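These figures come from a predicted structure and were not determined experimentally. To find a chain, count down the sequence lines: A is the first, B the second, and so on, and within it residues start at 1.
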Amino acid sequence: MLEQLIADCVRDLPPGQVITDHAQLRTYECDGLSSYRCIPGLVILAESSADVAYVVGKCAEYGVPFIARGSGTGLSGGALPRTDGVLIVTSRMNRIVSVDSGDERAVVEPGVINAHLTKAALPHGYYYAPDPSSQQVCSLGGNVAENSGGAHCLKYGFTAHHVTGLEVVMPDGSTERFGGLAPDPVGYDVVGALVGSEGTLGVVTEVTVRLVRTPEAVQTVLAGFRSIDDAGTAVSKIIAAGVLPAAVELMDALAIEAAEAAVHPGYPAGAGAVLVAELDGPPSEVDAQLADVERLCQEAGAFEIRVAADEVERALIWKGRKSAFAAVGRISPDYIVQDGVIPRTALSTVLRAIENVAAEAGVRVANVFHAGDGNLHPLVLFDESKGETERAEEVSNRIIDLCLQHGGSITGEHGVGHDKKLHMGKMFNEIDLDVMQLVRCAFDPAGICNPGKIFPTPRLCGERPGRAQGVHPLTEAGIADVF
Amino acid sequence: MSSDTATPMNVADLSATLKRAAADGRSLGVSGAGTKLEQGADPTSRDLMISTSNMTRVLEHAAGDLVVTAQAGVPLAALQEQVASAGQWLALDPPEAGATVGGVVAAAASGPRRLLYGTPRDLLIGVTVVLADGTVAKSGGKVVKNVAGYDLGKLFTGSFGTLGVIAECTFRLHPLPVARRVITSTVEEPAIAARKVLATGAVPSAIEWDGQTLVTVIESIESACGAQAADVVAAVGGDVSNQLPPGFGQRPASPVLLKVTHRLGALRDALTAVSSRLPGSAVRAHAASGVVWVGADDLTQLDSLRGRAAELDGGVVVVRAPAEMKAAVDVWGPARGIDVMRRIKDQFDPDRRMSPGRFVGGI
């Protein structure tokens, strides 16, 4: 069936949009999680929602699976292709349709880069709040699929809080619009269901987002601590004091070492941990909160506190933090980025437990995380050439188990994708997962839209688990009563 | 509509109740305190009312994490009282006195402070629901950041009892502001004035318009409240107080209540659309949030107002009207993506026993 579909696409689409050459297909074999690779059967570079509708319509006609992909920066293998499927790349759909400060909304195509939207909104006195670390390259379509977060989500919320409308090519090839510019659209919150569905319910072809007024004042604080424990205490104190910073980030000694090697942010020498806190809002509020944060950090044992004096210093502080994942490549040939969430009060306990797990396994773990909302990003360092892969994966999995033991989540912002679907059963029972998949059945009864992601066991639409269907075979055979 | 009422105590009890009802093929309604039962179309059938009035336990308040989990029948006011002891609040302020948290979520109810904090969908981080056949399912969790699995909480928020019964909710809490300033300004053009307020750089928790005055509410720490209030007064004038005005956040009490929505930049157009069709009608607007509440005596102008609201990318929902008037109109108006909504309903409630006919498009 794929051959027929390829023939149709070659016939109906401009040659530059259809990739069939093996070497070229290979460049799309993975997303940001390169440990999973698979060469797609066909790649389509869509330039319009009509292109997407055409291809998805063909996929529906021939029963061929398809996967949408933006910039391919995802870290859970959510855009991992299939050899028997089509990869629909939306990067060329990169038009900012409108930016309207009166409506406080922007309308964009899915291939628009996250940071480009903020750049377009800034002259109007607005910006787009969700800021994943990959914001210089990641696309908004991908952000919608993953419900992407970022450092400033502590105060401003995630992608789901900022998307008000979507145009979607449904898995049957039809095009639907949900929500729009105005608040509270009537009916079910389909926009809310689509954001974070990891590309399994349709292909987003246009996104309407909220824009946020740029704050009048911003202060960025860098505090050096002797230990990660002390830094964790500072975070708990800040949250408990009722201060709601725009961001609170932590890095441990190993992560600091990596950042210094890569981008030289000049973090306090000898620090066992650094805390980066950003406060924004009206100057009067920011000044008061800044004083609170400085005091609370001191109480928790900070040995050095710096407040960024200008935009350059602020950017340098953030550069160290935002480049931390890549920087770890400087101190280790290979690493796994983990993405777990814990209640904020469990920070110190879980970090100590991670340290023990790492020590037991003889593996180094660097910690970088969104401390304000309990989102950990332990980086498990290893050397594949020395056969350490399995040990590192074991440590990474045990970290997720630790998060769950403390009432947390298996993913805070990277998504389940292909990578974590086997962890889903630890967080949800089979019935929970079946009920979630009712949503899937409403959108994609044929199961061709990014199949094999999120759920450990796909359900066949039409089955109704938990529901008595006719007479149980044992009862019918007179062997037993079921109830 | 009269019917029997079941008052389960907990999730297991609720599930058993729904299983029995399923076996008997009974149609169901769902109520908390019953403050919003009049909203939506009258259901076509209701053999049994599921009341959460016995599900009134706050299950867990993790104060250090600013998270609370409660049974659906907990009155919002009781929840607020409990978490206030830790200097926190659930940042929702719908006007219906006595409303339960489950009802607030099921009706996506909001109030003036949605400007700063959003609506229930933005604060609900986990949910346990029971489907029409008694199936119990949960989604989300107890941490503020979590993207594991589909977010059923979003779908159930504002579903008006048509997908299943919300049994337990987990919410993100906020620090309770310690100080407040209320700036009451007499202005000619509320749309322009609201923009001026925002342009000062102040971060109000609410900006309300009642037809005569613009009320700006600043809630923060003491020093910041004073400075922002001074900026607001400099921009649009007005008197400063620590107290909310009487009737703050209340909606017109007329026989008919309409909710008009519009894109944020079109407040002036929306108010003109209302005043030209319903002269003298009472109006309460969340002036920077795109929502106008309108009091009226009848629904003769509904179609015309809907036509204009659609041009502003919004709509008009009949929130309250006498039964015979309601029966003659579509209270919701057109819904974008209605076919997909029907398919969602078919999956969750294939026998159409959950509040049948109450929701958009006869769902």
Inset, instruction - Decide side chain to side chain contact (heavy atoms under 4.5 Å, CB included) for Thr135(B) and Asp434(A); before the verdict, give the C-alpha distance in whole Å, the side-chain angles of both, and the deciding distance to 0.1 Å. - result: CA-CA 10 Å; Thr135(B) 301; Asp434(A) 273 330; over 6 Å; no
Inset, instruction - Take Val439(A) and Gln347(B), measure what side chain to side chain contact (heavy atoms under 4.5 Å, CB included) needs, and give me the verdict at the end. - result: CA-CA 7 Å; Val439(A) 181; Gln347(B) 289 293 329; over 6 Å; no
Inset, instruction - Starting from the C-alpha separation in whole Å, work towards a yes-or-no answer on side chain to side chain contact (heavy atoms under 4.5 Å, CB included) for Met427(A) and Asn146(B). - result: CA-CA 11 Å; Met427(A) 192 165 163; Asn146(B) 173 21; 3.6 Å; yes
Legend entry - Test log, rule side chain to side chain contact (heavy atoms under 4.5 Å, CB included), inputs Asp184(A) and Lys259(B): CA-CA 10 Å; Asp184(A) 302 1; Lys259(B) 179 185 180 185; 2.7 Å; yes
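Looking at Thr162(B), the atoms closer than 4.5 Å to chain A (heavy atoms on both sides) sit in the backbone and in the side chain alike. For Val136(B), the part sitting under 4.5 Å from any heavy atom of chain A is the backbone (N, CA, C, O) and nothing else. Interface remark: Pro334(B) contributes backbone atoms only to the contact with chain A (heavy atom separation under 4.5 Å). Heavy atoms of Val147(B) lying under 4.5 Å from chain A belong to its backbone as well as its side chain. Residue Thr345(A) touches chain B through both its backbone and its side chain, counting heavy-atom pairs closer than 4.5 Å. Pro185(A) does not touch chain B: none of its heavy atoms, backbone or side chain, sits under 4.5 Å away. Contact annotation for Leu244(A): only side-chain heavy atoms (C-beta onward) come within less than 4.5 Å of a heavy atom of chain B. In this structure, chain A has a heavy atom under 4.5 Å from the side chain of Ile363(B), while its backbone stays farther away. With a threshold of 4.5 angstrom between heavy atoms, Ala202(B) approaches chain A through N, CA, C or O but not through any side-chain atom. Heavy atoms of Ala193(A) lying under 4.5 Å from chain B belong to its backbone as well as its side chain. When heavy atoms are compared at a cutoff of 4.5 Å, Leu152(B) approaches chain A solely by way of its side chain, counted from C-beta outward. Using a 4.5 Å cut-off between heavy atoms, Arg114(B) contacts chain A through its side chain alone, with no backbone atom that close. Contacts of Val144(B) with chain A are made by both backbone and side-chain atoms, with heavy-atom separations under 4.5 Å. If you measure heavy-atom distances from Glu285(A) to chain B, the contacts under 4.5 Å come from both the backbone and the side chain. Residue Leu66(B) touches chain A through both its backbone and its side chain, counting heavy-atom pairs closer than 4.5 Å. Of the two parts of Glu146(A), only the backbone, made up of N, CA, C and O, holds a non-hydrogen atom closer than 4.5 Å to a non-hydrogen atom of chain B.
Taking the ring centroids of Phe359(B) and Tyr188(A), they lie under the 6.0 Å cut-off.
Under 4.0 Å is where a charged nitrogen must lie from a carboxylate oxygen, and between Arg263(B) and Asp103(A) at least one such pair does. Using a cutoff of 4.0 Å between basic side-chain nitrogens and carboxylate oxygens, Arg172(B) and Asp373(A) are not scored as salt-bridged.
Shown here for Val143(B) and Gly407(A), the closest heavy-atom pair between the two residues is CG1-O, 3.9 Å. Contact record, Val186(A) with Met341(B): O-CE, 3.7 Å, taken as the closest heavy-atom pair.
Comparing Gln437(A), Lys421(A), Arg440(A), Lys420(A) by heavy-atom pairs within less than 4.5 Å of chain B, the highest count is held by Arg440(A). For chain A, the option among Gly149(B), Ala227(B), Gly314(B), Ser223(B) with the highest count of heavy-atom pairs below 4.5 Å is Gly149(B).
Scanning for ring-ring contact (aromatic ring centres under 6.0 Å, His included) contacts around His414(A) gives His377(A), with sequence neighbours left out. Under the side chain to side chain contact (heavy atoms under 4.5 Å, CB included) criterion, Val203(B) pairs with Pro282(A), Leu116(B), Gln228(B), sequence neighbours left out.
Tyr150(B) and Phe455(A) have perpendicular rings, their planes meeting at more than 60° on a 0 to 90° scale where under 30° would count as parallel.
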